[in-house]
Amino acid sequence: MRNRNTVITLSQFVANEQAKHPDASGNLSKIFRDIKFATKLVNRDVRKAGLVDVLGEHGSTNIQGEEVKKLDVIANDEFISSLSAGGDCCAIISEEEDYIRHLNPDAKYVLAMDPLDGSSNIDVNAPIGTIFSIYKRVSPVGTKATDADCLQKGVNQIAAGYIIYGSSTMLVYTTGAGVNGFTLDMSIGDFCLSHPNMHMPEEGKIYSVNEGNYKTFPEGIKQYVDACKEAKMSARYIGSMVADFHRNLIKGGIFMYPASASAPNGKLRLMYECNPMAFLIEQAGGKASTGDQRIMEVEPTELHQRVPVIMGSTNMVDDVLNRCN
Ligand code: AHG
Ligand code: MN
Ligand code: MN
């Protein structure tokens, strides 16, 4: 918990991290500034949901055929306008954008995001989130960003994180040197370091999976879920990946969205859901797999590509993998 004598804000923390790399240009830190600003806008809208007209359907579907909620669109617009104004991204991939959104060709970073994760929870006041992932472009600065810039393997991520709009609002991120969590102190309007150097327990007692799909699970996953019940483990699944992930990161546990007969690649998207969470969980000492390979080594072929996901405490993920292979 935060020591009252030494408050470190997100901006101070990012600046201190930047100072460890004397050759750093400061552009990544500026992206964090823009993410922070967009997060405050989304947080404001989430906290007023129910009072102003942000609940419910937007009236459209996205390229994946899912119904879009008003807050999905609002959050997407807020992140894009903040990152666009900052000028440090050459392109954005978003769940709510059918194609690559081109921004400043002179910038060197690409950002992938799920602007509002857990849309089905918006109208019922359950936790929701935002997920982001940052890559360095591979094409020359000064040109239009390419597919190759946007479809990089997760191992190339420069940074990744999420924001959870829960009982408090938190931003958790990694740049490959551990995982740190910051809580928004509404009284001062700033994120303060509250969860330094987050580590996930190797073992946990929580399993998170939509058991309504049990009958369609692969045999190994069924076996694992049966074993969880046998061992009287706790089933916890809210249906917002960010919230399920955040709880399991802190307490230890496993989160799965496996393949099924009707969805052979599962449901969750590689570029803006699975890769960033895989980077975070590995940095916290956990593990993330598709069942066949490490999530961050999957070669992306499409912006909105889906992959099966098994992620969490190392021993639990290994147990699933042993049953599946
Ligand atoms: P999104 O709201 O960004 O489309 O993501 C919803 C995802 C994820 O947050 C969650 O883990 C999963 O969908 C829940 O799916 P089911 O309702 O099929 O369990
Ligand atoms: Mn999502
Ligand atoms: Mn979403």
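Values below: every heavy atom of this structure, side chains too, minus hydrogens, waters and symmetry copies. Heads up: numbering here begins at 1 and tracks the sequence. Both counts, for ligands and for their atoms, begin at 1 and track the order of listing.
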*In the hydrophobic cluster built from side-chain contacts under 4.5 Å, what are the other members alongside V155?*
F279, M296
*Relative to each other, are the rings of F182 and F13 parallel, tilted or perpendicular (30° and 60° limits)?*
perpendicular
_Results of side chain to side chain contact (heavy atoms under 4.5 Å, CB included) for N121 - residues two or more places apart only_ = V124, A126, I128, I238, S240
_Check: D88 main-chain N/O paired with N27 side-chain donor or acceptor under 3.5 Å_ = no
*asked:* Measuring from atom CD of Q223 to atom SG of C324, what distance do you get when rounded to the nearest 0.5 angstrom?
replied: 8.5 Å
*Side chains of Y165 and T130: donor-acceptor distance under 3.5 Å anywhere?*
yes
_Y162 and F132 aromatic centres sub-6.0 Å_ = no
*Can you list the protein N, O or S atoms less than 2.8 Å from the Mn ion (ligand 2)?*
D114 OD2, D117 OD1, E273 OE2
_More than 12 heavy atoms of other groups within 6.0 Å of H304 NE2_ = yes
*Compute whether any side-chain donor of one residue and acceptor of the other, for S139 and D149, lie under 3.5 angstrom apart.*
yes
For ligand 1, which of its N or O atoms have a protein N or O partner closer than 3.5 Å, and how long is each gap?
unit_1   : atom_1 : unit_2 : atom_2 : d
ligand 1 : 2 (O)  : G118   : N      : 2.9
ligand 1 : 2 (O)  : S119   : N      : 2.8
ligand 1 : 2 (O)  : S119   : OG     : 3.0
ligand 1 : 3 (O)  : E95    : OE1    : 2.9
ligand 1 : 3 (O)  : D114   : OD1    : 3.3
ligand 1 : 3 (O)  : D114   : OD2    : 2.9
ligand 1 : 3 (O)  : L116   : O      : 3.4
ligand 1 : 4 (O)  : E95    : OE2    : 3.1
ligand 1 : 4 (O)  : R269   : NH2    : 3.2
ligand 1 : 5 (O)  : D117   : OD1    : 3.2
ligand 1 : 5 (O)  : E273   : OE2    : 3.4
ligand 1 : 9 (O)  : D117   : OD1    : 2.7
ligand 1 : 9 (O)  : D117   : OD2    : 3.3
ligand 1 : 9 (O)  : M241   : N      : 2.8
ligand 1 : 11 (O) : M241   : N      : 3.4
ligand 1 : 13 (O) : K267   : NZ     : 3.0
ligand 1 : 15 (O) : K267   : NZ     : 2.9
ligand 1 : 18 (O) : Y257   : OH     : 2.5
ligand 1 : 19 (O) : N210   : ND2    : 2.8
ligand 1 : 19 (O) : Y237   : OH     : 2.5

